[in-house]
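Report on one structure; see the data block that follows.
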There are 2 protein chains.
Amino acid sequence: MKKATRRSTTIRDVASAAGVSVGTVSRSLNAPDSVRPATLVKVRTAIEALGFQPDSRAQIMRRRHTMTIGFVVDDIGNPLHATTFKAVSAVMRERGFSPYLVNTEGGAENEAAAIDMLQHGRADGVIMTINSEKDAGTLKRLEQLRIPSVLLDRDIPLDIDAVLTDHAVGMQQATSYLIGLGHRRIALITGGSDIRPGRERIRGFVEAFRQRDLEVPTDLIRAQSLSADYGFREASNLLQREKPTAIIAAGNRILVGVLRVIQQNKLSIPGDLSLIACDQTDLALLYPGPITLIDRNIEEIGRTAAHLLLERLGSADDKPAQRISLPTRLILGGSCAPVPA
Amino acid sequence: MKKATRRSTTIRDVASAAGVSVGTVSRSLNAPDSVRPATLVKVRTAIEALGFQPDSRAQIMRRRHTMTIGFVVDDIGNPLHATTFKAVSAVMRERGFSPYLVNTEGGAENEAAAIDMLQHGRADGVIMTINSEKDAGTLKRLEQLRIPSVLLDRDIPLDIDAVLTDHAVGMQQATSYLIGLGHRRIALITGGSDIRPGRERIRGFVEAFRQRDLEVPTDLIRAQSLSADYGFREASNLLQREKPTAIIAAGNRILVGVLRVIQQNKLSIPGDLSLIACDQTDLALLYPGPITLIDRNIEEIGRTAAHLLLERLGSADDKPAQRISLPTRLILGGSCAPVPA
DNA sequence: GACTGTTTTCGAAACGTTTCCAAACATAGT
DNA sequence: ACTATGTTTGGAAACGTTTCGAAAACAGTC
């Protein structure tokens with residue numbers, strides 16, 4: 001019993017089965033209007049009979065586009081990224097693109113691999129959050145990127161479209177709010193200053209104190225990683241040693257870590273400690289009561305990025321990159337109280 | 001000033017620049033050992049000089065595999081899916097595959113599109129959660145799927161590898177536990193019985209009552225959707241009308257909805273109501289205190305699926321499909337109390 | 001029925017690789 | 001110097017489409 005070699009049926013098989021040329025089959029598929037109805041049915045029945053499906057590898061090879069776009073992200077476990085991706089997907093799908101997502105785990109080499117993978121024709125465009133803003137290899141790759149791309153909340157010295165969040169203003173407002181409630185020992189835990197959100201948040205934090213001519217509690221600033229573990233570690237340290245009266249957990253994973261500490265120490269919010277978070281996550285909305293937070297419209301970020309990409313996808317000419325900055329807003333929850341007199 | 005037509009440099013350009021044949025260039029790239037060191041450097045400098053990068057479209061067209069695998073999921077906003085994907089990615093990357101994710105939003109047509117997209121050579125294999133277990137079109141597509149695939153927690157009458165969770169036993173244990181605490185009016189909110197998890201959970205729930213010869217509170221079973229909104233709606237209804245003494249929120253999105261109700265009605269857990277959740281999410285672990293839950297090892301599910309896929313990817317012969325079922329375990333938190341006498 | 005103009009079809013080239021076969025070359029053994 | 005053996009290389013075919021120019025078929029008009 002010989003093993004069937006399962007060579008899938010090609011357009012040529014269809015052509016000979018239908019008694020037409022391959023060109024005609026191709027046109028029946030891609031421009032049915034250009035073929036006589038009678039031949040169309042011949043071709044269609046042949047296709048049906050043979051169960052023919054065009055090989056998209058070959059199609060991609062010929063037509064120079066794939067109608068897919070890539071979404072590159074460092075950690076899809078972060079619900080923000082998931083939401084952004086969904087918003088991007090909704091817009092792109094409407095325009096006939098299939099979006100797919102690549103998770104890099106933050107490693108520079110994985111980011112490089114992801115970019116390379118998309119680089120050559122695997123996608124028509126990319127939307128991405130790159131963690132290694134400073135990594136030379138990554139920068140070089142981005143520079144040579146020959147497909148349209150949009151950067152999310154990252155700031156690199158290259159001519160690439162970007163959608164940014166105005167973290168500085170947001171953080172400045174939140175900090176001011178706490179200062180207004182009488183807090184001075186305010187701690188800030190956020191991501192590393194090597195990427196934009198960290199930098200900007202620190203800037204806003206500092207600014208809020210400066211505006212009122214108060215001394216900036218630089219000893220209470222912890223900015224290294226956006227992970228839950230980091231949040232846990234730093235919150236533990238801070239509470240043990242520095243006794244802040246308020247903590248700003250700037251990063252939704254960080255919030256998880258901070259809440260873990262709060263729970264362990266059985267602290268009451270806002271009785272023992274005022275707390276401000278970033279972004280509406282399930283946790284921020286539900287933890288005993290809603291937490292006061294610096295919110296932003298994640299869907300809008302995604303949609304904006306998608307539109308930026310579509311624009312670039314549409315026109316081949318190299319117009320200069322756009323960077324669009326979107327605002328945040330402070331949503332008051334129940335997690336902040338005046339500092340006891 | 002004429003617009004440079006930007007035809008990217010091909011292997012042929014490199015060949016003539018280096019004064020060798022295209023075949024040699026190709027081999028320099030793919031099997032450097034088979035080419036004389038002297039020619040190798042000629043080729044390499046030419047590649048460097050021209051900034052040549054092989055067109056992966058063409059490569060994919062020739063070699064018949066892409067070294068990528070697809071991960072298809074209905075809602076990447078669900079942290080479980082994200083975790084699974086990360087576990088899958090870790091394993092697959094180790095073996096040289098690039099995994100990417102496609103989000104279908106649950107729509108049958110999107111699922112179909114995703115499968116089609118992968119179907120022809122866009123990926124060497126797929127791991128997926130299909131929502132339309134009963135959708136004829138989807139089933140047919142799966143049946144004709146010509147690439148190795150693994151199903152997650154779904155049960156369809158086709159010969160496809162699958163990794164399942166033993167929801168029935170898990171639910172039976174949880175329900176028994178509540179019964180043991182004296183609860184009788186136990187509500188179950190979970191996904192539709194049209195997909196496996198819903199079916200199995202109901203089965204386990206019912207089983208627990210039957211075992212003790214108790215009447216099954218069928219009026220308290222709500223099984224239609226895994227969404228947060230559904231959880232919210234049904235929990236509201238149940239609490240208003242049926243006054244259960246315990247609720248099992250089986251589905252992490254459902255839990256979000258249920259907690260919203262609990263918060264709104266200022267219910268105390270477990271004082272006013274006992275609560276059991278599924279899967280360790282941030283919320284389940286942190287909401288005021290840890291919630292008692294039916295847990296499972298998500299990473300292991302991902303890893304298992306990845307290994308199953310690798311196995312199939314490795315051997316071309318059609319061995320019968322495997323289905324591997326993984327257990328759950330009950331983790332006691334602080335959200336259940338004996339029913340007041 | 002010849003002429004024109006339009007629609008439809010054919011056949012071949014092209015896309016950029018990889019891979020196969022045979023030719024060229026080098027190395028060593030006699 | 002010649003053959004036998006092994007290593008490198010060149011050239012062309014192949015992968016399965018799309019597309020393009022030219023040929024063929026058709027329809028309408030005089």
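Chain letters run A, B, ... following the sequence lines, proteins first and then strands; every chain starts at 1. Keep in mind that this is a model prediction, so the values were computed, not measured.
At a threshold of 4.0 angstrom between heavy atoms, the contacts of A:T24 are confined to the sugar-phosphate backbone, with no base atom among them. As judged by a 4.0 angstrom heavy-atom cut-off over every strand, B:S56 is placed among residues making no nucleic acid contact. Using a 4.0 Å heavy-atom distance criterion, B:R57 is classed as making no nucleic acid contact.
Nearest to the side chain of B:R63, among D:dT9, C:dT18, D:dT19, sits C:dT18. Proximity note for B:S26 (side chain, C-beta onward) versus D:dG10, D:dG16, C:dT19: the nearest is C:dT19. When distances are taken from the side chain of A:I11 to each of D:dG16, C:dT9, D:dT17, the shortest belongs to D:dT17. Closest contact between the side chain of A:N30 and the listed nucleotides C:dT17, C:dC10, D:dT18 involves D:dT18. Closest to the side chain of A:R64, out of C:dG16, C:dT17, D:dT17, is C:dG16.
Rounded to whole angstrom, the span from the CZ atom of A:R12 across to the C1' atom of D:dA14 amounts to 10 Å. Between the P atom of D:dG16 and the CZ atom of A:R27 lies a distance of 21 Å, rounded to the nearest Å. Rounded to an integer number of Å, the gap from CZ of B:R62 to P of C:dT17 is 13 Å.
Counting only heavy atoms from C-beta outward, the side chains of A:L101 and B:N103 never approach each other to under 4.5 Å. Between B:M92 and B:L313 there is a side-chain heavy-atom pair separated by less than 4.5 Å.
Residues B:T39 and B:M61 both approach DNA chain D. Their nearest nucleotides, taken by heavy-atom distance, put B:T39 toward the 5′ side.
Within a 6.0 Å radius of CZ in B:R95, other residues, nucleotides and ligands contribute 12 heavy atoms or fewer.
Regarding contacts with the backbone of C:dG11, every side-chain N or O of A:S21 stays at 4.0 angstrom or more from both OP1 and OP2. Contact between the side-chain N/O atoms of B:T10 and the OP1/OP2 oxygens of C:dC15 is not found at any separation under 4.0 Å. Of the side-chain N and O atoms in B:R36, one or more sit less than 4.0 angstrom from OP1 or OP2 of D:dT9. The shortest distance between the side-chain N/O atoms of B:Q59 and the OP1/OP2 oxygens of C:dG16 is not below 4.0 Å.
Between the side chains of A:T104 and A:D74, not a single donor N or O lies within less than 3.5 Å of an accepting N or O.
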side-chain contact (heavy atoms from CB on, under 4.5 Å) for B:L309 and B:D161? Distances and angles first, verdict last. CA-CA 8 Å; B:L309 189 61; B:D161 286 337; over 6 Å; no
